[in-house]
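Everything on this sheet refers to the single structure shown next.
Computed from heavy atoms alone, side chains included, the values below leave out hydrogens, waters and symmetry copies. Just so it is clear, the model here is predicted, and its values are computed rather than measured.
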Amino acid sequence: MQNITQRILIRCVRSPRTLARLVVDRICTPAWLRWLGVTVGERCLFVGQPVVRLASGAMISLGNEVRLFSRGDIGIGLAHPTILATLESGASITIGEKAGISGASIVARTDITIGRNVLIGAGAGIWDTDFHPLDPVARRADETAGARAAPIVIEDDVFIGTRAIILKGVRIGCGAVVGAGAVVTKNVGALEIVAGNPAKVVGTLAHPIEWNRIGVKVSP
């Protein structure tokens, strides 16, 4: 640990840009999020500044040790910063401890709950709303009024691949894997692997008993 700390200090001394980024990531970003009204847990890590929209009367909560990656120069294929947006009063986004999110877009009109140890890849979209009504006549009258929305729940230890899309009303069970580019329109069971558009089950991970042995709790 001491050697790692020394290397970081040496890099900061040699590069004022690295030092400035470290100050912004570790001090300014969490302070700014709290100022906006976001609940930020202990030991959260921010790389780059996320895009945040917190509607009046809405809630965004980050658990302990959540990691948000929002800067495109870190070598993991980010097309844009992580986006956290609540669109209406009463909407909520809750992200569990030790979740890692890389340049994903999470937008809630009702409620999005993300469990512990969830990994969300670059460019993924988690949206609990259609954003616009489907009826073209209704869209002419108002582009957003009447858009359908339903809560999303992503349970613990889920892995969501890059550019996957999770749509309204979906529940993804513990330990499930969503393949890159998948469009999830229906519930995904615990430990299932889904892929495609629309997403379908293409495999299943280890038996739940094996997962329980290593401390992953899989709901029935």
Looking only at heavy atoms, what is the nearest atom pair of [X] and [Y], with distance?
X	Y	answer
Pro50	Thr29	CD-CG2, 3.9 Å
Gly121	Ala104	O-CB, 4.1 Å
Val201	Glu192	CG2-OE1, 3.4 Å
Ala164	Gly179	CB-O, 3.7 Å
Lys98	Arg67	O-NH2, 3.0 Å
Thr110	Ala149	CG2-CB, 3.9 Å

Does the [X] side chain pair with the main chain of [Y], one donor and one acceptor, at a distance under 3.5 Å?
X	Y	value
Thr162	Ala122	yes
Asp156	Arg116	yes
Ser70	Thr82	yes
Thr86	Ala108	no
Arg71	Pro81	no
Glu155	Gly173	no

For residues [X] and [Y]: do they belong to one hydrophobic cluster (side chain heavy atoms under 4.5 Å, members Ile, Leu, Val, Met, Phe, Trp, Tyr)?
X	Y	result
Ile152	Ile165	no
Phe159	Ile172	no
Leu54	Phe46	yes
Val40	Ile60	yes

*asked:* Would you compute the distance between atom CG of Asn117 and atom CG of Asp157 and round it to the nearest 0.5 angstrom?
replied: 4.5 Å
*To the nearest 0.5 Å, tell me how far Ile114 CD1 sits from Ile95 CD1.*
4.5 Å
*Ile160 pairs by side chain to side chain contact (heavy atoms under 4.5 Å, CB included) with which of Val177, Val184, Ile154?*
Ile154
*Please tell me if the side chains of Leu134 and Arg148 come closer than 4.5 Å, counting only heavy atoms from C-beta onward.*
yes
*Using the salt bridge (Lys or Arg N to Asp or Glu O under 4.0 Å) rule, pick out the option among Asp130, Asp111, Asp128 that qualifies with Lys168.*
Asp130
